[in-house]
Amino acid sequence: MTKKTISKVPDHVAVIMDGNGRWARQQSLSRLEGHKKGIEVARDIVKAAAKIGVSYLTLYAFSSENWRRDQQEVSGLMALLKYYLEHEMQDLHKENVRLRVIGERELLPTLILTLIEEMEELTKSNKGMTLQMAISYGSRSELIHATKAIAEKVRDHRLNPEDITEEVFEKHLYTSGIPDPDLLIRTSGEQRISNYLLWQLAYTELVFIEKFWPDFTSEDLMDAFLVYQNRERRFGTAA
Ligand code: FPP
């Protein structure tokens with residue numbers, strides 16, 4: 001299948017890049033080698049998505065739960081993130097990509113946080129695809145963060161409880177201002193959401209791919225788009 005047959009490109013694609021560890025084990029490599037290959041694939045997929053006209057791409061790069069992994073793996077992932085932000089983002093800036101990071105930033109090492117802030121600032125006026133990276137991200141914690149912010153406004157009489165609508169709630173999420181994903185892709189055969197964008201995925205089409213993330217290609221991305229365009233989305237309304 002080729003991209004020529006794609007007539008409906010999803011505006012916002014969210015991805016769970018799963019299976020780096022299992023891919024590495026299959027190849028008798030270290031888990032970190034799996035993540036290294038994963039980052040190369042992420043680079044290709046970001047470029048392919050931007051090229052075909054995706055407006056927003058959200059990648060799950062590091063979850064809140066990932067902090068509990070072996071220290072060596074966590075520091076390896078942080079080093080890869082640093083590399084990505086320092087090198088790949090410069091390239092993506094040239095391609096007009098805007099970076100935005102969602103997650104509990106305060107938990108990140110200062111160096112990574114500074115790089116994120118620099119790259120968000122550098123790319124903030126770019127008009128191409130928005131690359132939203134979920135780093136130290138967990139959806140339940142995002143929902144609690146939003147609820148606390150709303151509760152404080154109510155306490156301080158800056159918001160009436162009757163005025164809390166879906167739109168108001170959305171404005172307090174890390175993803176504020178970004179439309180909900182049209183398509184979620186998860187690799188590695190697992191069919192779970194894993195604390196990812198729980199609010200935002202309410203009406204998203206889910207596509208699960210058997211391949212591990214390091215084996216995922218831009219061709220697989222196009223195949224997922226074909227599956228998406230053949231789905232009928234009714235957003236809870238009658239047929
Ligand atoms: C899941 O594989 C993947 C991750 C924990 C993180 C994803 C990270 C990358 C692709 C590299 C960094 C990417 C960017 C864009 C900076 P797993 O380790 O859970 O695999 P397993 O389930 O097979 O063990």
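If you read the sequence from its start, that first residue is 1, and numbering goes on from there. Indexing begins at 1, ligand by ligand and atom by atom, following the structure's order.
With a 4.0 Å heavy-atom cut-off, ligand 1 is reached by no atom of Arg25. If you look at Asn66 next to ligand 1, the close heavy atoms, those under 4.0 Å, all belong to the side chain. Of the heavy atoms in Arg69, only side-chain atoms (C-beta onward) come closer than 4.0 Å to ligand 1.
Near Gly38, with a cut-off below 4.0 Å to any heavy atom, the atoms of ligand 1 are 10 (C). For ligand 1, the atoms lying closer than 4.0 Å to a non-hydrogen atom of Gly21 are 17 (P), 18 (O), 20 (O), 21 (P), 23 (O), 24 (O). Which parts of ligand 1 touch Leu81 is read off a 4.0 Å heavy-atom cut-off, strictly below it: atoms 16 (C). Atom numbering of ligand 1 starts at 1 in the shown order; those under 4.0 Å from a heavy atom of His35 are 11 (C), 18 (O). Less than 4.0 angstrom separates some heavy atom of Ala61 from each of these atoms of ligand 1: 6 (C), 7 (C), 8 (C).
Remark: the His172 side chain and the Lys153 side chain contain an N/O donor-acceptor pair separated by less than 3.5 Å. Side chains of Thr123 and Asn126: no donor on one and acceptor on the other come within 3.5 Å. A donor and an acceptor atom, one from each side chain of Glu205 and Gln229, are nowhere located under 3.5 Å apart. Side-chain atoms of Tyr137 and Glu104 form no donor-acceptor pair, as typed in the model, at a separation below 3.5 Å.
Protein heavy atom in closest approach to atom 10 (C) of ligand 1: Asn20 ND2, 3.4 Å. Ile39 CG1, 3.9 Å is the protein heavy atom nearest to atom 14 (C) of ligand 1.
Note on ring orientation: taking the six-membered ring where Trp is involved, the planes of Trp67 and Phe62 are perpendicular (angle over 60°, cut-offs 30° and 60°). Note on ring orientation: taking the six-membered ring where Trp is involved, the planes of Tyr196 and Tyr60 are parallel (angle under 30°, cut-offs 30° and 60°).
Among Arg22, Met17, Lys82, the residue whose heavy atom sits closest to atom 23 (O) of ligand 1 is Arg22.
Using a 4.5 Å heavy-atom threshold, the side chains of Ile193 and Leu198 count as touching. At least one side-chain heavy atom of Glu117 sits less than 4.5 Å from a side-chain heavy atom of Arg105.
Using a 4.0 Å heavy-atom cutoff, Leu80 is absent from the residues neighbouring ligand 1. Under the 4.0 angstrom criterion for non-hydrogen atoms, Arg43 is not in contact with ligand 1.
Considering backbone and side-chain atoms together, Trp23 places no N or O closer than 3.5 Å to any N or O of ligand 1.
Val207 and Ala224 get closest at one heavy-atom pair: CG1-CB, 4.2 Å.
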